[in-house]
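Residue indices begin at 1 and follow the sequence shown.
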Amino acid sequence: MPDTVTPGLLRWDEVRQEAEWPALLLGNGVSINVWPDFRYATLYERAALSPAAQQAFRALGTTDFEGVLDTLWRARALLTALGQDSSAVSALYTEVRRGLLDAVHRVHVPRSRLPSTTCTAIGREIETYERVFTLNYDLLVYWSILEKRDVTGSLTVQDFFGPPDPFDPDEPQRPGWTALWFVHGALHLWQDSATGDVGKWTSGEGNLLRDLPAMYAAHPGRQPLFVSEGGALQKQETIARSRYLRRAFLALRDDRSPVAVLGTSLSPADEHVVEALRHRERVAVGVRRGRPGEVVAAKAALIARLGGREDLVFFDVATHPLTSPEWALTPGS
């Protein structure tokens, strides 16, 4: 770690003029900047679950919905194969999945609240990078690139899904397009419990969030694909269970190009992400401006987390286009 860490922060336009940053990593702070209700520890805290469902989480020692749903699905399949009654497990599976979607509805910004100008601006900024990795599973980025397409008539963002086709791990990146990876999954992604196939939901008129419960009810073998667990080890276990999440993480880990990091403190809960960043050619990290001592402490913590490298670039996170204060919405207003 350098002997002296100063409280100074560059502006993002200064950082971008000085060097190329082909990759971007987004954290939950980007979503919170738009919708404060995204500020929550885990969806488990917001879910209304019966005592039986809560017991299932405790028995498995997790708050990860994806892991519990996967276990319940396999338990039901096993009971059915043995000729045993699986109705109780089936009911529990349905309740847990419904509880997850209900919790998401409580915290997620409605599509109708997002101004078209905000979505289009986010979509335009996304397209200025060669590769974008997001740790967020909300629909903000997804809605924004679709809005940008609808408003401008063009879209050069590749998410490696082509409805109705499932995810193809061998699909190459298109030249001149932005590769978009949801490292921790996303609300519009599903995984088939039986086949392991991964696909994405689509819905007209911006009603995807509203339509998700009915879509899952029509496809009982599919479950939401996103990491709802707060611990690094549990996150890695969830990633390992999915061919899409594994591919997305490998894309992040194997990329050595300069990366800008925005909206995440890179806490121990994201140790797998930190490890993937340590060998990057250059790393620029957005830090919230505050009292000099607070800025120094934040910078020192990030330097330590990233292996003590002294070449980190720090910029004022509020000066980046994706964290513009003018985009902030007020829940309930």
Side-chain angles (χ1 to χ4, degrees), residues 41-105 135 137 160-161 163-170 181-201 211-250 269 272:
T42 68
L43 281 173
Y44 182 77
E45 298 175 357
R46 305 295 296 267
L49 298 172
S50 69
Q54 294 176 34
Q55 180 57 37
F57 279 86
R58 287 194 294 269
L60 295 173
T62 184
T63 57
D64 178 30
F65 280 87
E66 197 277 342
V68 172
L69 287 169
D70 184 68
T71 299
L72 291 173
W73 175 267
R74 295 180 186 281
R76 179 172 61 181
L78 178 60
L79 288 171
T80 300
L82 295 174
Q84 302 295 316
D85 182 15
S86 64
S87 58
V89 175
S90 295
L92 197 55
Y93 176 88
T94 300
E95 183 200 340
V96 170
R97 189 170 63 181
R98 184 184 301 117
L100 171 59
L101 296 175
D102 288 344
V104 166
H105 274 270
L135 305 179
Y137 51 76
F160 303 91
F161 291 96
D165 300 324
F167 165 68
D168 179 3
D170 298 320
W181 292 102
F182 295 90
V183 180
H184 288 163
L187 289 177
H188 66 294
L189 303 183
W190 54 261
Q191 179 163 299
D192 189 285
S193 298
T195 66
D197 287 341
V198 179
K200 72 175 180 181
W201 298 115
D211 294 342
L212 281 176
M215 289 174 168
Y216 279 112
H219 298 273
R222 296 177 181 178
Q223 61 188 46
L225 181 64
F226 59 88
V227 182
S228 58
E229 177 60 69
L233 179 60
Q234 292 81 4
K235 287 179 179 178
Q236 292 176 70
E237 290 174 348
T238 300
I239 289 171
R241 287 195 296 264
S242 167
R243 64 185 64 166
Y244 171 79
L245 296 183
R246 288 196 304 271
R247 179 66 182 85
F249 179 72
L250 289 176
H272 57 303

task: Measure the spacing between CG of L212 and CG of L101 and express it to the nearest 0.5 Å.
output: 6.0 Å
- request: Taking all non-hydrogen atoms of both residues into account, name the closest pair between G99 and A47 and its distance.
  value: O-CB, 3.9 Å
query: Which pair of heavy atoms, one from S90 and one from R76, lies closest together, and at what distance?
result: OG-CD, 2.7 Å
Student check: side-chain heavy atoms of S193 and L69 closer than 4.5 Å: no
Aromatic centroids of Y216 and W190 separated by under 6.0 Å: no
query: Which is it for Y93 and Q223 under the side-chain contact (heavy atoms from CB on, under 4.5 Å) test, yes or no, and what are the steps along the way?
result: CA-CA 10 Å; Y93 176 88; Q223 61 188 46; 3.7 Å; yes
Between NZ on residue K235 and CG on residue L135, distance to nearest 0.5 Å: 7.5 Å
query: Should the pair R46-D102 be classified as a salt bridge under the 4.0 Å nitrogen-to-oxygen rule?
result: no
message: Distance check, rounded to the nearest 0.5 Å: L78 atom CG versus W73 atom CH2?
response: 13.5 Å
query: Looking at CD of E237 and OG of S242, how far apart are the two atoms once the value is rounded to the nearest 0.5 Å?
result: 14.5 Å
- request: Supply the atom-to-atom distance L225 CG to D192 CG, rounded to the nearest 0.5 angstrom.
  value: 11.5 Å
query: Does the E95 side chain pair with the main chain of S50, one donor and one acceptor, at a distance under 3.5 Å?
result: yes
message: Please report the interatomic distance NE2(H272) to NE2(H184), rounded to the nearest 0.5 Å.
response: 3.0 Å
message: Checking side-chain polar atoms at under 3.5 Å, does T71 have a donor or acceptor matched by the opposite partner on R74?
response: no
- prompt: Looking at side-chain heavy atoms only, is the closest gap between V96 and F57 below 4.5 Å?
  reply: yes
- prompt: Heavy atoms, side chains only, cut-off 4.5 Å: are V104 and F226 in contact?
  reply: yes
message: If I compare all heavy atoms of L100 with all of P224, which pair ends up nearest, and what's the gap?
response: CD2-CG, 3.7 Å
message: Below 30° counts as parallel, above 60° as perpendicular, anything between as tilted: where do the rings of H188 and F182 land?
response: perpendicular
query: So which heavy atom on G185 is nearest to which on L245, and how close?
result: N-CD2, 3.3 Å
task: Determine, for F167 and R247, whether the Lys NZ or Arg CZ falls below 6.0 Å from the six-membered ring centre while staying within 45 degrees of the axis.
output: no
statement: For A217 and P220 the tightest heavy-atom approach is O-CD, 3.9 Å
- prompt: Is a side-chain N or O of Y137 found less than 3.5 angstrom from the main chain of L189, in a donor-acceptor match?
  reply: no
- request: Run the numbers on V198 and F160 for side-chain contact (heavy atoms from CB on, under 4.5 Å), then give the verdict.
  value: CA-CA 11 Å; V198 179; F160 303 91; over 6 Å; no
query: Of all heavy-atom pairs between L187 and W201, which one has the smallest distance, and what is that distance?
result: O-CD1, 4.4 Å
